[in-house]
Structures are given as structure tokens and as C-alpha cells.
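We number each residue from 1, following the sequence as shown. Every heavy atom of this structure was used, including side-chain atoms; hydrogens, water molecules and symmetry mates were not.
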Amino acid sequence: MNIKQLVLCATLSLFCGTATWAVSEEELVRLESDMLKYFPTTERDTFFSITDQLKDASKSVGNDRLFYKAWGNQAIYEATQQNYQKAMEIVQAIEDNAQEYHSTYGAYYALHTRAVVLLQKQDYQAAEREFLQAVDFSHRHFPNESAGDDLQELMRIANHRKDAKASVGYARQILVEPNVAPIHKGRALFRLSQMAFNKQDTAEFNRIYAEMMLLKETDGIATLTPVMEVNHCIINGDFGEALRLSDELDPEARAERKAVIYHSMGDDANAYKYMQIYKKVSDSIILVSHGNVVNSCYVQMNNDRLQLEQKVLEEQNNKLRNRFYLAIAVLAFIVLLIFTLRGRKIIKRLTMYNKKLANERKEAERALEELSGLASFEKATELPLDMPAKVNRLCDHITTSAQAHCHKGVTAIFLSDVPDDFEVRTNSEALEQLLTHLVNYFIRFTQKGAIVLSVTQVDEKVRFTVANSRAGLDRDTELPSEDDSSERHADMSFNICQSIAHLLHGRMWHDTEYTNGTRFCIEIPQFS
């Protein structure tokens with residue numbers, strides 16, 4: 001073997017070593033990504049298989065934190081499915097393992113996970129006690145890390161028991177934590193903005209609002225909630241814009257904010273009217289808190305994954321750079337050619353992957369906002385059905401708003417067989433939530449063609465249909481038909497939609513005779 005061959009073999013060996021390192025890091029990222037993907041689903045076996053693989057992989061590279069985090073997520077998953085005994089058994093196993101191997105990270109995750117499970121069980125007193133221990137443990141053992149995860153849950157618990165002083169205290173503590181995550185900082189600032197608004201401290205509110213705007217620009221996190229936008233308009237006297245923005249809120253928040261707006265304008269008659277509406281809505285809806293921790297974990301896991309991906313990209317670039325310099329000493333031309341091509345390929349692939357993850361995060365946050373809207377109806381036993389609704393105006397507003405979110409080449413269309421002044425007496429907020437959710441569901445899975453919302457009168461009933469003109473939904477992601485009880489078609493949002501239809505004295509079904517795509521039908525009486 002001549003000198004050139006020896007040099008080439010050494011260079012290729014160096015190159016292969018880099019590839020092996022990259023695959024190892026990418027495998028961890030892939031497993032974390034899959035864990036996030038299956039966390040909010042009912043595919044338990046798949047989720048546990050992925051997290052077991054992640055535990056093995058992280059243990060093999062000595063990543064204690066990731067090992068116990070994956071294990072803890074198994075307990076949290078069981079809690080989200082209301083399997084609380086199994087969840088607590090996993091927590092106990094984590095604690096026993098941490099004691100056996102003297103793992104500080106394991107001891108922390110046992111505390112944190114037990115607190116999350118207790119919060120899922122709505123045992124707020126016990127959950128608060130565990131979160132406080134987790135914060136204290138974190139401060140003692142990880143002084144350079146933020147305890148924002150635990151503090152934000154403590155803030156949530158304080159809000160639940162209406163302890164404003166404690167809630168504000170936790171929010172302020174989050175802001176002074178070292179290396180606090182932007183999402184935690186945003187939630188703390190929002191809580192402080194509520195206090196400033198209630199005190200009518202315009203200067204303080206605007207200061208917090210400006211800080212949240214800056215956080216949104218620098219970190220790309222949507223920390224500005226619609227309620228805060230409305231409050232910003234109210235406290236600065238822009239009541240017209242406040243009324244316009246309040247129409248985009250959920251029914252309960254919409255009525256409550258409009259009452260505040262009209263009171264601020266001196267229109268007590270309208271203020272009283274909307275407070276009555278707010279009371280009716282809030283009294284007739286049992287708010288569901290079970291999913292709040294899941295949603296918080298889901299968004300946080302997504303942000304953690306993006307940060308990890310960025311870290312891998314930076315470390316890999318550094319690795320390539322060091323290898324590149326070493327290879328120049330062996331054979332400059334060959335190393336330059338191989339590593340330049342390889343580096344560009346890796347950077348391009350990871351950049352595209354990072355962009356894909358960012359899009360997935362936005363889609364996940366958007367989907368979470370739509371479950372939060374339906375979940376408030378999940379355990380309702382009855383709804384006030386005396387609200388007049390002009391169906392053409394309602395449906396036209398829904399499709400017009402939906403068009404902005406459609407994929408390129410997809411059109412949202414509204415068709416009606418009833419006159420413009422046609423009304424139904426029902427619960428207009430619930431009907432709007434139901435139709436909007438179905439239209440948004442189609443938006444996410446329709447890549448081309450049209451999404452059609454139509455209304456027609458059938459005898460003494462009104463029928464709404466939502467369909468797409470092409471088979472935009474994959475078979476595995478279609479909502480189940482009303483008479484299909486198989487676990488493969490189980491879908492929580494469809495069940496809630498059916499419940500809302502029944503609460504409106506109507507029904508909802510999957511139209512299996514429609515062959516040009518997928519179509520769902522809702523039928524309610526004209527006069528309830």
C-alpha cells in the first residue's frame with residue numbers, strides 16, 4: 001500500500017468516525033422526537049416502546065438526566081390516561097432506582113413526576129407540597145439551572161385556589177431563576193400583566209406588554225395571548241379594537257371581557273347583559289382541567305427537543321471543524337473535498353429538519369388551542385338553548401376566518417339553502433365551537449381541493465355538513481363513524497363533538513356514502 005492509499009484510508013477512517021458520532025446523537029434526537037409525537041395519543045404500546053428505547057440509549061451514553069426524564073414521562077403518560085396507580089408505581093420505581101445508584105437527577109425526577117401525577121389527580125394540596133420540595137431540591141443541587149418547570153405548576157395551583165398573592169410570588173420567582181426558559185418567562189409575565197390590569201396600572205402593564213413583545217421577537221415564542229391583546233386595548237382606551245379582538249376569544253372569555261369593556265366605556269346596560277351571558281355560560285359548562293398538565297408537558301417537550309436539536313447541530317459543526325483541521329495536515333485537497341461536501345449535506349439536512357420541527361411545534365400549539373376550546377363542553381350535562389343565531393352569518397364568518405389557515409391551493413367555501421335572515425334558537429357559542437373545530441380539523445389534513453361548510457333545512461331541523469372535495473385525510477387519521485367502537489378509531493375530539501351535538505338536542509355522524517372525500521353531518525332542531 002503506497003503513501004497515497006495510506007493517507008486516503010486514514011482520512012476515510014476519520015470521516016467514518018465522525019459519521020458514527022453523528023448517527024448516535026441523531027438517534028437520541030429521533031427517539032425524543034418520537035416520544036413527543038406519541039405522548040398525546042392513545043397508542044400506549046408504541047409510546048412505551050419508544051421511551052424504553054430512549055432509556056436504553058441514554059443510559060448507554062451515560063446521560064442520566066435523559067434516562068430519568070424518559071422514565072418519568074412514562075408515569076405522566078399513565079396519569080393522563082387516568083391510570084394513577086400504575087403512574088405511582090413507576091414513580092416509586094424511579095425513586096428506588098435513584099437511591100440504589102445515588103443519582104441526583106433520578107431523585108429530582110421522582111419528586112417532579114410524583115407532583116405532576118398528583119396534579120393530574122387534582123390533589124392540589126399534595127401536588128403543591130411535592131412541587132415545593134422539587135424546587136428546593138433543584139436550588140440545592142442544580143444552582144445554575146432554572147426551576148421554572150416546577151414554579152409554573154405552583155403558579156397554576158395558586159391560580160386554581162384563587163390565591164393571587166402566591167401566584168404573583170411564584171411568577172416573580174420565575175423571572176429571577178438562572179437560565180429561565182423563554183416559555184416560563186412568558187407565562188410569568190402574563191400573570192404579572194393580569195395583576196397590573198386589575199390594579200389599572202397602565203404604565204406597569206405597558207412595560208410588561210413591551211417585554212413580552214420583545215420576548216416574542218427574540219425567541220419566537222407566542223407568549224402574547226388573545227386575552228392580553230384585549231387587555232392592552234382596554235387599559236389604553238382603544239375600546240373599539242378591544243371589542244373586535246374579543247370576538248376571537250372562546251365564549252366564556254368573550255362574554256367576560258365584553259362586560260369589562262362596556263363597563264370601562266360607561267355602558268352599564270351592555271356590561272350587565274354580557275355579565276349575565278358570562279354567568280350562564282360559566283354556570284352551564286364544567287371546565288375540564290385534566291388536560292392542562294398534558295398540554296404544558298407537550299409544549300415544553302417540543303421546546304426541549306428544538307433546543308436539543310440546536311445543540312446537536314452546534315456540537316456537530318464543532319466536531320466537523322476539528323476533524324477538518326486535522327485532516328488538512330494529512331492531505332489538504334482530499335480532506336477539503338470530502339469534509340466540505342459532507343458538512344454541507346449535514347448542515348442542509350439538519351437545517352431542513354429543524355425547520356420541520358418548528359412547523360410541527362406551531363401545528364401542535366394550534367391544535368392544543370382548539371382542544372382547550374372543546375374540552376370545556378366535555379362533562380356538561382345541559383346547555384342554555386335560547387340564543388338566536390343567524391346560521392348564514394355564523395358559517396360565513398367561520399369559512400372566511402378559516403381561509404387564512406388553509407394550505408396553498410385549498411379553498412374554504414360556504415354554501416347555503418336558507419335565506420340570510422334564517423335563525424335557529426340554540427346555544428350559538430357551542431355551535432360555533434363545534435363547526436369551527438371540524439373545519440380546522442379538515443384544514444390540517446387537506447392538501448388540495450376545497451373544504452365546504454354547507455347548511456340546509458330538513459323538515460323542522462337544520463343540517464350542517466363539513467367536507468373536503470378530495471381524500472385529504474389518511475385512513476388512519478379519519479374520525480370514527482358513530483357506530484364504530486373499535487379502539488383503532490378512538491378519537492377524543494370526535495367524542496366531544498358528538499356530546500356537543502347531543503347537548504344541542506341533535507346528532508352528528510360520519511357520512512360514509514360521500515365518496516369525493518370525507519364528510520361529517522350535524523343536525524339540530526330549528527327551535528330547541
Side-chain angles (χ1 to χ4, degrees), residues 28 32 51 54-55 58-59 61-76 79 87-121 123-161 163 165-189 191-192 219 292-293 296-297 299-301 303-305 307-308 311:
L28 287 177
E32 279 199 274
T51 46
L54 182 56
K55 286 169 60 180
S58 56
K59 191 173 185 179
V61 297
N63 192 331
D64 232 21
R65 181 194 289 270
L66 187 56
F67 170 77
Y68 285 107
K69 182 179 180 181
W71 202 354
N73 282 334
Q74 291 183 336
I76 296 172
M88 282 302 190
E89 289 173 357
I90 295 174
V91 172
Q92 187 60 52
I94 294 173
E95 187 173 54
D96 293 343
N97 183 277
Q99 290 179 355
E100 180 180 357
Y101 293 99
H102 307 288
S103 172
T104 307
Y105 286 124
Y108 166 76
Y109 275 106
L111 282 171
H112 174 80
T113 307
R114 181 180 288 108
V116 174
V117 173
L118 289 168
L119 185 58
Q120 288 280 18
K121 292 177 64 177
D123 187 347
Y124 297 104
Q125 185 175 1
E128 184 175 26
R129 182 173 61 251
E130 294 295 325
F131 277 124
L132 284 170
Q133 291 184 37
V135 170
D136 178 68
F137 189 94
S138 179
H139 285 165
R140 284 188 288 110
H141 295 279
F142 316 119
N144 296 322
E145 299 182 18
S146 169
D149 275 344
D150 301 298
L151 287 168
Q152 74 169 358
E153 299 304 338
L154 285 167
M155 186 171 66
R156 190 197 309 276
I157 294 171
N159 288 338
H160 172 79
R161 55 186 170 84
D163 187 344
K165 183 177 180 181
S167 176
V168 169
Y170 291 134
R172 286 174 173 159
Q173 189 173 348
I174 288 174
L175 296 180
V176 298
E177 286 290 300
N179 301 311
V180 62
I183 191 170
H184 296 152
K185 184 177 181 181
R187 289 171 180 169
L189 287 171
R191 181 64 188 90
L192 294 177
D219 293 278
N292 288 345
V293 177
S296 177
C297 290
V299 174
Q300 184 60 45
M301 287 171 67
N303 280 292
D304 289 346
R305 183 180 65 163
Q307 292 174 4
L308 178 63
K311 179 182 178 181

Does the side chain of [X] reach to within under 4.5 Å of the side chain of [Y], using non-hydrogen atoms?
{"X": "Leu189", "Y": "Ile174", "value": "no"}
{"X": "Leu54", "Y": "Phe67", "value": "no"}
{"X": "Met88", "Y": "Val117", "value": "yes"}
{"X": "Glu177", "Y": "His139", "value": "yes"}
{"X": "Tyr68", "Y": "Asn97", "value": "yes"}
{"X": "Tyr170", "Y": "Ile157", "value": "no"}

- Message: Looking at Asn73 and Thr51, would you say the former's side chain and the latter's main chain have a donor-acceptor pair under 3.5 Å?
- Response: no

- Message: Can you see whether Asn159 engages Ser167 through a side-chain donor-acceptor pair at a distance of less than 3.5 angstrom?
- Response: yes

- Is it true that the side chains of Tyr101 and Asp64 contain a donor and an acceptor less than 3.5 Å apart? no

- Task: Output every pair passing salt bridge (Lys or Arg N to Asp or Glu O under 4.0 Å) with a member in residues 135-147, not counting sequence neighbours, ordered by first then second residue.
- Result: Arg65-Glu145, Asp136-Arg140

- Task: Name all pairs fulfilling the salt bridge (Lys or Arg N to Asp or Glu O under 4.0 Å) condition that reach into residues 98-113, sequence neighbours left out, sorted by first residue then second.
- Result: none

Donor-acceptor pairs under 3.5 Å, side chain of residues 106-114 to any protein atom, not counting sequence neighbours: which ones?
{"from": "Tyr108", "atom 1": "OH", "to": "Asp150", "atom 2": "OD2", "distance (Å)": "2.7"}
{"from": "His112", "atom 1": "ND1", "to": "Asp150", "atom 2": "OD1", "distance (Å)": "2.6"}
{"from": "Thr113", "atom 1": "OG1", "to": "Tyr109", "atom 2": "O", "distance (Å)": "2.6"}
{"from": "Arg114", "atom 1": "NH2", "to": "Glu95", "atom 2": "OE1", "distance (Å)": "3.3"}

- Greater than 12 external heavy atoms within 6.0 Å of Arg172's CZ: no

